[in-house]
Amino acid sequence: MYKLLKEDNTLVMDYPTPEIYKNMSEEEKENIKLFKKEIEKITLEKGLGRVSVNVSYDGPSLEKEFIIKHVNGFTRDYYEEQIDIINDSLEEFSKKNNLYDFYLDSYVLLE
């Protein structure tokens, strides 16, 4: 598991992140940014903060984890409820934008 994007959308420069990023397709990079932006529409509105992105390879596929930090004083149950809302929103977003396969390898998690 490697942190790819920080909460402020900057690329993590620790090895091997730059090499992983360099080897990703432009489409995959764009899709990660689209999903992060879509997730942050909810997290910023609800006061949950910004999202970071981790990636890992599971065989040939790249799994993406969109991480919300548990730092804003909300209960864990509240975060879990919001993650369910985010997942529902992402599923709908991905179907509308022909990104459903990307969605299937993406996870929204609480850190």
Quiz item: Between S94 and F102, is any pair of side-chain heavy atoms under 4.5 Å apart?
Solution: no

Quiz item: Considering residues at least two apart in sequence or located in another chain, which fulfil the side chain to side chain donor-acceptor pair (under 3.5 Å) criterion with N98?
Solution: none

Quiz item: Applying side-chain hydrogen bond (donor to acceptor under 3.5 Å, both in side chains), which residue pairs with at least one partner in residues 37-46 are found, sequence neighbours left out?
Solution: K36-E40, E38-K41, E40-R50

Practice problem: Could you tell me whether a side-chain N or O of N97 sits under 3.5 Å from a main-chain N or O of L99, the two making a donor and an acceptor? | Solution: no

Self-check item: side chain to side chain donor-acceptor pair (under 3.5 Å) involving E92 - partner list, sequence neighbours excluded
Solution: K96

Quiz item: In chain order, what residues pass the ring-ring contact (aromatic ring centres under 6.0 Å, His included) check against Y57, with sequence neighbours excluded?
Solution: none

Practice problem: State the NZ-CE distance between K6 and M13, to the nearest 0.5 angstrom. | Solution: 9.0 Å

Quiz item: Apart from L109 itself, what residues make up its hydrophobic cluster, given side-chain heavy atom links below 4.5 Å?
Solution: I67, Y107

Quiz item: Who are the salt bridge (charged side-chain N to carboxylate O under 4.0 Å, His left out) partners of E111, not counting sequence neighbours?
Solution: none

Quiz item: Are Y78 and L48 side-chain neighbours, meaning at least one heavy-atom pair lies under 4.5 Å?
Solution: yes

Exercise. Measure the CZ-CD distance between R76 and E80 for me, rounded to the nearest 0.5 Å.
Key: 5.0 Å

Exercise. Count the heavy atoms of every other residue, nucleotide or ligand shown that sit under 6.0 Å from NZ of K3, and state whether that count exceeds 12.
Key: yes

Quiz item: In chain order, what residues pass the side-chain contact (heavy atoms from CB on, under 4.5 Å) check against E27, with sequence neighbours excluded?
Solution: S25, N31

Exercise. Enter the distance from T17:OG1 to L5:CG here, rounded to the nearest 0.5 Å.
Key: 9.5 Å

Quiz item: What distance do I83 atom CD1 and D88 atom CG have between them, rounded to the nearest 0.5 Å?
Solution: 12.0 Å

Quiz item: Listed by chain and number, what are the side chain to side chain donor-acceptor pair (under 3.5 Å) partners of K22, not counting sequence neighbours?
Solution: none

Practice problem: Quick one: list whatever passes ring-ring contact (aromatic ring centres under 6.0 Å, His included) with Y100, sequence neighbours left out. | Solution: Y103

Quiz item: Hey, what do you get for CD1 (I39) to CD1 (I68), rounding to the nearest 0.5 Å?
Solution: 7.0 Å

Quiz item: In Å, rounded to the nearest 0.5 Å, how long is the span from CG of L62 to CD1 of I32?
Solution: 6.0 Å

Quiz item: Taking only residues two or more places apart in sequence, or in another chain, which ones meet N72 in a side chain to side chain donor-acceptor pair (under 3.5 Å)?
Solution: none

Self-check item: Qualifying residues under side-chain contact (heavy atoms from CB on, under 4.5 Å), relative to D105, sequence neighbours excluded
Solution: S61, K64

Quiz prompt | Heavy-atom closest pair, residues V12 and P18 | solution = O-CD, 4.0 Å

Self-check item: salt bridge (charged side-chain N to carboxylate O under 4.0 Å, His left out) against E81, all qualifying residues, sequence neighbours excluded
Solution: none

Quiz prompt | D77 side chain to T75 side chain, donor-acceptor N/O pair below 3.5 angstrom | solution = no

Quiz item: Are any non-hydrogen side-chain atoms of F35 and S106 less than 4.5 angstrom apart?
Solution: yes

Exercise. Spell out, yes or no, whether V108 and L44 are grouped together once hydrophobic residues are joined by side-chain heavy atoms under 4.5 Å, including indirect joins.
Key: no

Quiz prompt | Residue among I20, L4, V53 satisfying side-chain contact (heavy atoms from CB on, under 4.5 Å) with L11 | solution = L4

